[in-house]
Trainee: 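So that we are looking at the same thing, I have put the structure below in structure tokens.
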Amino acid sequence: MTEYGYHDRVYAIVRQIPKGRVSTYGAIADYLALGSARMVGWALHQSILPDAIPAHRVVNRLGELSGRNAFPSPTFMQEMLENEGVEIQQDKVVHFETLFWHPKNIEHPM
DNA sequence: TGTTTGACCACGG
DNA sequence: GCCGTGGCCAAAC
């Protein structure tokens with residue numbers, strides 16, 4: 001049965017995040033109506049190992065790379081984002097509000 | 001089986 | 001702008 005745990009839904013959403021854009025735990029949790037952003041963070045922590053999930057595009061509501069410590073190296077997340085053209089400064093996404101992408105805008109970037 | 005913790009968020013003081 | 005509290009659900013102990 002299509003009995004997806006919410007982490008599967010989180011993966012599905014995160015995979016939709018366009019390159020060069022970022023989203024937040026709260027936005028994903030809100031979109032999935034799971035109730036809490038905490039679950040998203042927990043799910044993502046588990047999701048780093050599986051197939052190519054751009055977990056680096058998920059930051060907290062302040063645009064901070066709160067999950068960088070869960071990556072192979074504390075700077076890995078930042079380097080990935082910078083590689084996509086996202087500016088990072090002091091572990092925060094520059095122009096966060098502009099780059100912010102809400103799952104609501106799936107296939108409707110911008 | 002109950003408690004604690006977690007890549008969080010919003011609100012109140 | 002920092003601290004405490006509630007919420008939300010699952011995993012780890």
Trainee: With the criterion being N/O to N/O and under 3.5 Å, what pairs connect the protein with nucleotides 9-13 of chain B, and how long is each?
Mentor:
from   : atom 1 : to    : atom 2 : distance (Å)
B/dC9  : OP1    : A/R61 : N      : 2.6
B/dC9  : OP2    : A/R61 : N      : 3.4
B/dA10 : OP2    : A/R61 : NE     : 3.3

Trainee: As an exercise, state the distance from CE of A/M80 to CG of A/L65, rounded to the nearest 0.5 Å.
Mentor: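 Reported to 0.5 Å precision, the distance equals 12.0 Å.
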Trainee: Could you tell me which residues satisfy side chain to side chain contact (heavy atoms under 4.5 Å, CB included) with A/D91, sequence neighbours excluded, listed by chain and number?
Mentor: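 Only A/R68, A/Q78 meet the side chain to side chain contact (heavy atoms under 4.5 Å, CB included) criterion with A/D91.
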Trainee: Roughly, in whole Å, what's the span from CD in A/E64 to P in C/dG1?
Mentor: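 Interatomic distance, CD of A/E64 to P of C/dG1: 12 Å.
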Trainee: Run the ring-ring contact (aromatic ring centres under 6.0 Å, His included) test against A/F96 and tell me which residues pass, sequence neighbours left out.
Mentor: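 Once residues adjacent in sequence are excluded, the partners of A/F96 under the ring-ring contact (aromatic ring centres under 6.0 Å, His included) criterion are A/F100.
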Trainee: Send over the distance from A/M77 CE to B/dA7 P, rounded to a whole Å.
Mentor: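 Whole-Å distance recorded here is 12 Å.
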Trainee: Atom CD1 of A/I28 to atom C1' of C/dC8: distance rounded to whole Å?
Mentor: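 Taking CD1 of A/I28 and C1' of C/dC8, I get 16 Å after rounding.
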Trainee: Using whole Å, what does the distance between atom C1' of nucleotide C/dA10 and atom CZ of A/R9 come to?
Mentor: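 Atom-to-atom, A/R9 to C/dA10, this comes out as 14 Å.
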Trainee: State, with a plain yes or no, whether a side-chain heavy atom of A/F76 is found less than 4.5 Å away from one of A/H56.
Mentor: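 The answer is no, as the side chains (C-beta and beyond) never meet within the 4.5 Å cut-off.
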Trainee: Nearest 0.5 angstrom please: A/I13 CD1 to A/K104 NZ, how far?
Mentor: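 With rounding to 0.5 Å, CD1 (A/I13) is 14.0 Å from NZ (A/K104).
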Trainee: How far, in whole Å, is B/dT1 from C/dC8 if one measures between their P atoms?
Mentor: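 After rounding to an integer number of Å, I get 23 Å for this pair.
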Trainee: Would you kindly give the CE-to-P distance between A/M39 and C/dA12, to the nearest whole Å?
Mentor: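 That distance rounds to 13 Å.
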Trainee: Rounded to the Å, how far apart are A/W42 CH2 and C/dC8 C1'?
Mentor: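 It works out to 13 Å between those atoms.
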Trainee: Separation of A/F71 atom CZ from B/dA7 atom C1', in whole Å?
Mentor: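 A/F71 atom CZ is separated from B/dA7 atom C1' by 8 Å.
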Trainee: Can you check the A/H45 NE2 to B/dC8 C1' distance for me, whole Å?
Mentor: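 So the two atoms are 15 Å apart, to the nearest Å.
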Trainee: State whether the side chain of A/S23 and the backbone N or O of A/V58 hold a donor-acceptor pair below 3.5 Å, judged by distance alone.
Mentor: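 It does not hold such a pair.
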Trainee: If we take the P atom in both C/dT5 and B/dT4, what is their distance in whole Å?
Mentor: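 To the nearest whole Å, 14 Å.
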